[in-house]
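In this chain, residues are counted from 1 in sequence order. Just so it is clear, the model here is predicted, and its values are computed rather than measured.
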Amino acid sequence: MITCVVEYVIDPAKIEAFERFGRRWMELVERHGGTHHGYFLPAEGASDKAMALFSFAGLGAYEQYRALFGVDPDFVDADRIRDESGCVLRYERTFMRPMLPDRGA
């Protein structure tokens with residue numbers, strides 16, 4: 001399993017647009033074989049940080065999903081929310097592997 005961690009710098013005045021953007025991407029990840037673990041948004045005070053985590057079975061499965069960027073009309077529409085609203089100022093993507101608690105046998 002591979003988990004993609006996306007750290008965003010967002011415009012706090014455009015949080016509603018960012019939430020629309022996030023809901024669309026959660027749908028797309030799930031529809032194309034991934035598991036979305038959610039978006040994590042500022043809860044208190046002024047903050048411009050947000051985060052998303054989603055997983056695919058492996059890098060090959062992620063690459064199949066990623067090949068749809070800029071091509072699939074649903075992916076283009078989801079990116080349009082970000083681009084037209086200006087809700088995302090920048091982002092950084094990191095790939096990680098989960099280490100989960102051992103629940104015992």
Side-chain angles (χ1 to χ4, degrees):
M1 177 189 300
I2 189 165
T3 299
C4 184
V5 178
V6 186
E7 297 177 70
Y8 294 94
V9 175
I10 62 172
D11 183 336
K14 298 177 181 177
I15 193 78
E16 293 84 8
F18 186 78
E19 289 177 7
R20 273 196 333 272
F21 167 76
R23 281 191 288 275
R24 288 293 293 134
W25 281 108
M26 285 190 280
E27 293 171 17
L28 291 169
V29 166
E30 295 284 334
R31 185 185 321 156
H32 292 281
T35 301
H36 209 293
H37 308 291
Y39 279 79
F40 300 85
L41 310 174
E44 293 184 29
S47 177
D48 62 355
K49 306 288 186 214
M51 185 177 288
L53 291 96
F54 57 92
S55 298
F56 281 87
L59 190 55
Y62 172 79
E63 289 172 344
Q64 288 178 350
Y65 154 82
R66 188 76 181 144
L68 299 171
F69 280 65
V71 177
D72 183 287
D74 290 333
F75 282 57
V76 172
D77 287 343
D79 275 343
R80 190 174 294 124
I81 297 168
R82 178 198 61 217
D83 296 342
E84 291 179 357
S85 72
C87 63
V88 175
L89 303 176
R90 66 181 172 275
Y91 65 93
E92 183 176 314
R93 190 177 12 213
T94 304
F95 295 96
M96 306 184 100
R97 61 179 177 82
M99 184 177 81
L100 304 172
D102 182 7
R103 302 287 183 205

Heavy atoms of other groups near Arg97 CZ, more than 12 under 6.0 Å: no

Connected via hydrophobic side-chain network under 4.5 Å: [X] and [Y]:
X	Y	answer
Phe54	Tyr91	yes
Phe69	Leu59	yes
Phe40	Val88	no
Ile81	Val9	no
Leu68	Phe21	yes

Which heavy atom of [X] sits nearest to which heavy atom of [Y], and what is that distance?
X	Y	value
Thr3	Pro98	OG1-CD, 3.9 Å
Met26	Gly38	SD-CA, 4.2 Å
Leu89	Gly86	CD2-O, 4.0 Å
Ile10	Ile15	CD1-CD1, 3.6 Å
Leu41	Ala50	CD2-CB, 4.1 Å
Ala78	Leu28	CB-CD1, 3.8 Å

Just wondering, do [Y] and [X] contact through their side chains at under 4.5 Å, heavy atoms?
X	Y	answer
Val6	Tyr39	no
Pro12	Asp48	yes
Phe18	Tyr8	yes
Trp25	Arg82	no

Spacing of Leu53 atom CG and Thr35 atom OG1 [to the nearest 0.5 Å]: 12.0 Å

Ser55 OG to His36 NE2 distance, which is reported to the nearest 0.5 Å: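 That separation rounds to 9.5 Å.
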
Pair Phe75-His32, side-chain contact (heavy atoms from CB on, under 4.5 Å): steps then yes or no: CA-CA 11 Å; Phe75 282 57; His32 292 281; 3.5 Å; yes

Residue pair Asp83, Arg80: steps toward the salt bridge (charged side-chain N to carboxylate O under 4.0 Å, His left out) verdict: CA-CA 5 Å; Asp83 296 342; Arg80 190 174 294 124; over 6 Å; no

Any donor-acceptor N/O pair, Glu7 side chain to Lys49 backbone, under 3.5 Å: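 No; judged by distance alone, with no hydrogens or angles, the pair does not exist.
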
Step-by-step side-chain contact (heavy atoms from CB on, under 4.5 Å) determination, Asp74 to Glu27: CA-CA 10 Å; Asp74 290 333; Glu27 293 171 17; over 6 Å; no

Contacts of Glu16 that satisfy salt bridge (Lys or Arg N to Asp or Glu O under 4.0 Å) - sequence neighbours left out: none

